[in-house]
Asks: 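Starting off with a structure, shown below.
Since the structure is predicted, the reported quantities are computational estimates derived from the model, not experimental observations.
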Amino acid sequence: MVPELPPLPALTRAEGELVDAYLAVVDLLGKINPSRSTHTYGALRAAQALVGRAEALREALALMHARGESEVHADTLARALRVLGGERRAGRVTLPRA
């Protein structure tokens, strides 16, 4: 049986989009990471997709700014990232242990 995840903290729509876009970028960077990838084609496809996901990340931040959300609530967003596996996903961006 899969353990039940804690609930996501309350986020604005723009914050939710920011978290989603950020994790998508992290996932793609993990696929591009030359210390973890095994084939150039997969890394190339991830690099090509990275452009679109970076634009989505920029748009989420621009929307937050335009709405007057001038502060990033780091603790709340960090909780959301943890619930969504952000630590595990970001681990793929770093170098593997020797």
Asks: For the residue pair A10 and E15, what are the closest heavy atoms and their distance?
Replies: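 A10 and E15 have their closest heavy atoms at O-OE1, 4.5 Å.
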Asks: State the CG-CG distance between L28 and L23, to the nearest 0.5 angstrom.
Replies: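 So the CG of L28 and the CG of L23 are separated by 11.0 Å.
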Asks: Mind checking the CG-CZ spacing from L29 to R89? Nearest 0.5 Å is all I need.
Replies: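 Interatomic distance, L29 CG to R89 CZ, rounded to 0.5 Å: 12.0 Å.
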Asks: Does N33 reach the main-chain N or O of R92 with its side chain, forming a donor-acceptor pair under 3.5 Å?
Replies: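 Side chain of N33 to backbone of R92, a donor-acceptor pair under 3.5 Å: yes, one is there.
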Asks: Could you walk me through whether R36 and K31 pass the side chain to side chain contact (heavy atoms under 4.5 Å, CB included) test, one step at a time?
Replies: CA-CA 7 Å; R36 295 187 182 269; K31 291 178 182 180; over 6 Å; no
Asks: Closest approach of V19 and A80, non-hydrogen atoms and distance?
Replies: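 Closest pair (atom of V19, atom of A80, distance): CG2-CB, 4.4 Å.
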Asks: Return the minimal non-hydrogen interatomic distance between R53 and A21, and the atom names on each side.
Replies: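 Closest pair (atom of R53, atom of A21, distance): NH2-CA, 3.7 Å.
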Asks: What heavy-atom pair brings T94 and S35 nearest, and what distance separates the two atoms?
Replies: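 The pair with the smallest heavy-atom distance is O-OG, 4.1 Å.
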Asks: Would the distance check show the side chain of E55 and the main-chain N or O of G52 forming a donor-acceptor pair, the cut-off being under 3.5 Å?
Replies: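 Not at all, since once roles are kept as given, no pair shorter than 3.5 Å links the two residues.
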Asks: Distance from I32 atom CD1 to L50 atom CG, nearest 0.5 Å?
Replies: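 Here the rounded value is 5.0 Å.
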Asks: Mind listing the side-chain donor-acceptor pairs of residues 40-48 below 3.5 Å, one per line with the distance, residues two or more places apart or on another chain?
Replies:
residue	atom	partner	partner atom	Å
Y41	OH	R45	NH1	3.2

Asks: Any chance you could measure E69, atom CD, to L63, atom CG, to the nearest 0.5 Å?
Replies: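 Here the rounded value is 7.0 Å.
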Asks: For L84 and L8, what are the C-alpha separation, side-chain angles and deciding distance, and is it a side chain to side chain contact (heavy atoms under 4.5 Å, CB included)?
Replies: CA-CA 8 Å; L84 296 171; L8 278 172; 4.0 Å; yes
Asks: How long is the gap from CD on E17 to CG on L57, to the nearest 0.5 Å?
Replies: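 Separation between the atoms: 11.0 Å.
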Asks: If you measure from CG on L61 to CD on E59, what distance do you get to the nearest 0.5 Å?
Replies: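 If we round to the nearest 0.5 Å, L61:CG and E59:CD are 9.5 Å apart.
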Asks: Please lay out, stage by stage, how Y22 and L77 fare under the test side chain to side chain contact (heavy atoms under 4.5 Å, CB included).
Replies: CA-CA 11 Å; Y22 174 79; L77 296 174; over 6 Å; no
Asks: Over all heavy atoms of both residues, which pair between S37 and P34 is shortest? Give the atoms and the distance, please.
Replies: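 Result for this residue pair: OG-CA, 3.8 Å.
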